[in-house]
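We use all heavy atoms of the structure for the numbers below, so side chains are in, but hydrogens, waters and symmetry mates are not.
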Amino acid sequence: MFFWRQLCLMQFFTLLALFLFMGLTPAPETYTPVLDDKLMHFSGYFFAAFSISFAYPQRSIGHKAIFLILFSIAIEIGQYFMPPRAFDLLDICANSAGALTGLAVVTVLAKKIFWFKKILYLALQ
């Protein structure tokens, strides 16, 4: 189970690095197609909620939510100092909504589906 734990941590930190790169690069549209901006923010943090839940299943929902929201705020603050990027409160709202929705879905799945809970906590065995 050591390998599963390392894999879960690696995918989470890779996702954070990707968010940092895409959040702080001057022209992210050169690396990925731009669809609906707020939908991309929501879905990115929705999947980040799954990622952090597998990397740190023992942490409370509150700790995971606070980390993801503060990480989102930190990136937005960084964008303020990196023209042509700009601080956007609505991005933080979309990120937070995605993170909270994702954490809620993970919680429901872990309570209702036995095999999902087993996989979620596999890294701790």
Side-chain angles (χ1 to χ4, degrees):
M1 296 313 122
F2 174 78
F3 178 72
W4 178 252
R5 172 87 175 130
Q6 298 308 313
L7 186 63
C8 290
L9 289 170
M10 187 171 54
Q11 59 84 24
F12 176 60
F13 287 111
T14 300
L15 183 66
L16 292 182
L18 178 66
F19 281 9
L20 276 173
F21 175 76
M22 295 303 290
L24 299 177
T25 191
E29 61 275 356
T30 59
Y31 301 102
T32 183
V34 176
L35 304 170
D36 182 278
D37 180 51
K38 300 309 178 246
L39 179 62
M40 290 178 69
H41 281 272
F42 180 91
S43 60
Y45 277 82
F46 179 86
F47 289 111
F50 274 79
S51 181
I52 196 171
S53 295
F54 277 92
Y56 296 102
Q58 75 280 14
R59 299 284 182 173
S60 73
I61 251 187
H63 285 125
K64 292 182 247 188
I66 289 169
F67 176 83
L68 291 174
I69 292 168
L70 289 178
F71 187 77
S72 167
I73 292 169
I75 289 176
E76 289 300 319
I77 290 171
Q79 287 179 354
Y80 176 79
F81 298 104
M82 300 196 66
R85 304 301 294 268
F87 180 90
D88 187 352
L89 190 58
L90 291 178
D91 285 352
I92 295 172
C93 292
N95 295 342
S96 299
L100 295 173
T101 303
L103 290 170
V105 169
V106 168
T107 301
V108 169
L109 289 175
K111 286 183 180 178
K112 301 287 184 185
I113 302 174
F114 173 76
W115 61 263
F116 183 84
K117 183 175 183 177
K118 187 173 181 177
I119 292 171
L120 187 65
Y121 288 95
L122 188 63
L124 299 178
Q125 296 177 358

- The reported gap from NZ in Lys117 to OG1 in Thr107 (rounded to nearest 0.5 angstrom) is 11.0 Å

- Once you round to the nearest 0.5 Å, how far does CD1 of Ile77 lie from CD1 of Ile92? 7.0 Å

- Query: Tracing side-chain links under 4.5 Å among I, L, V, M, F, W and Y, which residues wind up in one group with Leu9?
  - Reply: Phe12, Phe13, Leu15, Leu16, Phe19, Leu20, Leu24, Tyr45, Ile52, Tyr56, Ile61, Phe67, Leu68, Phe71, Ile75, Met82, Leu103

- Task: Check whether any side-chain heavy atom of Phe47 sits under 4.5 Å from a side-chain heavy atom of Ser51, and report yes or no.
- Result: no

- Rest of the hydrophobic cluster containing Phe114 (Ile/Leu/Val/Met/Phe/Trp/Tyr, side-chain heavy atoms under 4.5 Å)? none

- Note on the structure: The side chain to side chain contact (heavy atoms under 4.5 Å, CB included) partners of Ile113 (sequence neighbours excluded) come to Leu109, Trp115, Phe116

- Message: Would you compute the distance between atom CG of Leu89 and atom SG of Cys93 and round it to the nearest 0.5 angstrom?
- Response: 4.5 Å

- Return the minimal non-hydrogen interatomic distance between Gly23 and Arg85, and the atom names on each side. O-NH1, 3.3 Å

- Task: Measure the spacing between OH of Tyr121 and CH2 of Trp4 and express it to the nearest 0.5 Å.
- Result: 14.0 Å

- Residues two or more places apart in sequence or in another chain: which of them pass side-chain hydrogen bond (donor to acceptor under 3.5 Å, both in side chains) with Lys38? Asp88, Asp91

- Message: Run the side chain to side chain contact (heavy atoms under 4.5 Å, CB included) test against Leu18 and tell me which residues pass, sequence neighbours left out.
- Response: Met22

- Query: Taking all atoms of both residues into account, what is the closest heavy-atom pair of Cys8 and Ala55, and its distance?
  - Reply: O-CB, 3.7 Å

- Message: How close do Ala49 and Ala99 get, counting heavy atoms only, and between which atoms?
- Response: CB-O, 3.5 Å

- Just grab all the side-chain hydrogen bond (donor to acceptor under 3.5 Å, both in side chains) pairs involving residues 65-80, residues at least two apart or on different chains. Ser72-Asn95

- Message: Tell me the closest heavy-atom pair linking His63 and Ser60, and the distance in Å.
- Response: ND1-OG, 2.9 Å

- Message: So, taking the atom named CG in Leu100 and the one named NZ in Lys64, what distance separates them when rounded to the nearest 0.5 Å?
- Response: 12.5 Å

- Message: With heavy-atom distances below 4.5 Å as the criterion, would you say the side chains of Leu122 and Phe54 are in contact?
- Response: no

- Message: My understanding is that only residues two or more places apart in sequence, or in another chain, count here; which of them pass ring-ring contact (aromatic ring centres under 6.0 Å, His included) with Phe46?
- Response: Phe50

